[in-house]
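Working notes, beginning with the structure itself.
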Amino acid sequence: PATFGEILSGLVTEQDQVEWDYREDRFIAERRRMVGNIQLSAKAIVDIPEAARGEALLGVVRKKGLAILPWSKNLQQWRARIMLLQRTDDSGTDNPWPDLSDKALLESLEQWLLPYLGPVRRLADFRQLDLQAILHALLPWPLPLDLERLAPERIAVPSGSSVPIDYSQDPPVLAVKLQEMFGCEETPRIAGGRIPLLLHLLSPAQRPLQVTQDLATFWRGAYREVQREMRGRYPKHPWPDDPLDAVATRHTRRRMEG
């Protein structure tokens, strides 16, 4: 090697490598001394050009997809709630809800993700980002309040239970024990009454007995068949002849009587 520092020094070139190493899944920023394709030495670059660094890191996200980021179930639901309102907004003015689809997010990485990539050196570092805080910053005030009002995480049912809504499906699903909906004729709605929830009316074993967006029709029709079948299978649970006049409950008949 000493020869290339003296007699053959004219053959030596310096190359700056600021890129993502996909074999080792890590970010590298090195100044390499090269003779053709042979590397003599490498030294870490201290002052990394931000543009080059950002381009390399965003390239990883574009190539590997948004799945490398830490999406929790709650964050996925939050995103789906916003996208539902974004699709169904009928305010007649500019749509206030941001487009959080994969396509839109990938096209705007420079705006919403790049400023937070400072700590990223390895692929695992993407999983350490506070993605919830990063995405929540895309929802300006007072939209967070509107989100809770128009697309709540949970909804109160006649039994008094607060039941989560599953926004991962379209339309959103409310899976609730059938007895907890006694006395309720109208299908619960969200988005200012525009969107009826898809009810999964569950058996005591938490299996769907009926899937419907028309609760009133179910009570007056298919409920009779469900009642006949379930009375024998789950005798400890109430199966009244008039479900609209019955008290909604999450308990068995013995618990209710006690």
Side-chain angles (χ1 to χ4, degrees), residues 67 71-90 97 100-102 132 135 144 146-257:
W71 293 95
S72 66
K73 183 177 180 180
N74 286 340
L75 188 56
Q76 289 279 26
Q77 287 287 311
W78 178 87
R79 179 193 188 196
R81 292 159 64 199
I82 292 174
M83 291 181 64
L84 174 71
L85 296 177
Q86 198 267 344
R87 291 194 307 270
T88 60
D89 181 76
D90 64 352
W97 299 99
L100 299 183
S101 64
D102 282 4
Q132 177 170 310
L135 289 177
D146 293 336
L147 178 63
E148 297 305 317
R149 176 174 57 86
L150 297 172
E153 290 183 73
R154 311 176 74 91
I155 192 168
V157 296
S159 67
S161 296
S162 178
V163 180
I165 301 171
D166 182 3
Y167 288 90
S168 68
Q169 305 184 56
D170 189 16
V173 168
L174 182 69
V176 59
K177 188 179 174 183
L178 182 146
Q179 283 82 3
E180 297 201 55
M181 297 301 293
F182 287 160
C184 180
E185 185 169 9
E186 295 296 324
T187 304
R189 293 171 173 266
I190 58 172
R194 298 193 308 273
I195 302 174
L197 296 174
L198 183 63
L199 294 174
H200 286 200
L201 299 172
L202 306 177
S203 72
Q206 299 297 304
R207 296 188 179 92
L209 296 172
Q210 183 75 13
V211 175
T212 182
Q213 280 185 295
D214 189 347
L215 189 57
T217 297
F218 166 71
W219 290 135
R220 292 178 173 84
Y223 171 73
R224 300 301 173 194
E225 182 179 343
V226 170
Q227 179 194 38
R228 284 194 299 270
E229 182 179 348
M230 292 294 111
R231 264 182 173 169
R233 187 175 299 180
Y234 300 103
K236 294 181 180 180
H237 296 264
W239 305 97
D241 290 334
D242 186 356
L244 289 175
D245 193 42
V247 177
T249 180
R250 57 181 177 270
H251 303 303
T252 63
R253 287 194 302 176
R254 179 179 298 179
R255 179 78 175 272
M256 292 169 62
E257 292 166 359

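Quick caveat: nothing in here was measured; it's all calculated off a predicted structure. Computed over heavy atoms, backbone and side chain alike; hydrogens, waters and symmetry mates excluded. The first residue in the sequence is number 1, and the count goes up from there.
- For Asp242, there are no salt bridge (charged side-chain N to carboxylate O under 4.0 Å, His left out) partners at least two apart in sequence or on another chain.
- Screening residues 196-216 for side chain to side chain donor-acceptor pair (under 3.5 Å), with sequence neighbours left out, gives Asp214-Thr217.
- Arg194 pairs by the salt bridge (charged side-chain N to carboxylate O under 4.0 Å, His left out) definition with Asp90, not counting sequence neighbours.
- Considering only residues two or more places apart in sequence or on other chains, Arg233 meets the side chain to side chain contact (heavy atoms under 4.5 Å, CB included) condition with Glu229, Met230.
- Every residue meeting the side chain to side chain contact (heavy atoms under 4.5 Å, CB included) condition with Pro188, not counting sequence neighbours, appears here in chain and number order: Ile155, Leu174, Met181, Leu197, Leu199.
- In this structure, Glu225 has no salt bridge (charged side-chain N to carboxylate O under 4.0 Å, His left out) partners at least two apart in sequence or on a different chain.
- A search for ring pair (Phe, Tyr, Trp, His ring centres under 6.0 Å) contacts involving Trp78 returns His136, not counting sequence neighbours.
- Residues satisfying the side chain to side chain contact (heavy atoms under 4.5 Å, CB included) criterion with Pro240, sequence neighbours excluded, are Phe182, Tyr223, Pro238, Ala246.
- Taking 4.5 Å as the limit, every side-chain heavy atom of Leu85 sits out of range of all side-chain heavy atoms of Asp146.
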Practice prompt. Start with the C-alpha distance between Leu209 and Phe218, add both sets of side-chain angles, then the distance that settles side chain to side chain contact (heavy atoms under 4.5 Å, CB included), and finish with yes or no.
Written response: CA-CA 11 Å; Leu209 296 172; Phe218 166 71; 5.9 Å; no
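- Looking at Lys177 and Val163, their side chains never come closer than 4.5 Å, going by heavy atoms from C-beta outward.
- Judged purely by atom type and a 3.5 angstrom limit, Trp219 uses its side chain to pair as donor or acceptor with the backbone of Cys184.
- With sequence neighbours excluded, the residues forming a side chain to side chain contact (heavy atoms under 4.5 Å, CB included) with Gln77 are Asp166, Tyr167, Ser168, listed by chain and number.
- In terms of the side-chain hydrogen bond (donor to acceptor under 3.5 Å, both in side chains) criterion, residue partners of Asp241 (sequence neighbours excluded) are, by chain and number, Gln227, Arg231.
- The side chain to side chain donor-acceptor pair (under 3.5 Å) contacts involving residues 150-163 comprise Arg154-Ser162, Ser159-Ser161, Ser159-Glu180, Ser161-Glu180, Ser161-Arg250, where partners must be two or more places apart or lie in separate chains.
- Partners of Arg189 under the salt bridge (charged side-chain N to carboxylate O under 4.0 Å, His left out) rule, at least two apart in sequence or in another chain, do not exist in this structure.
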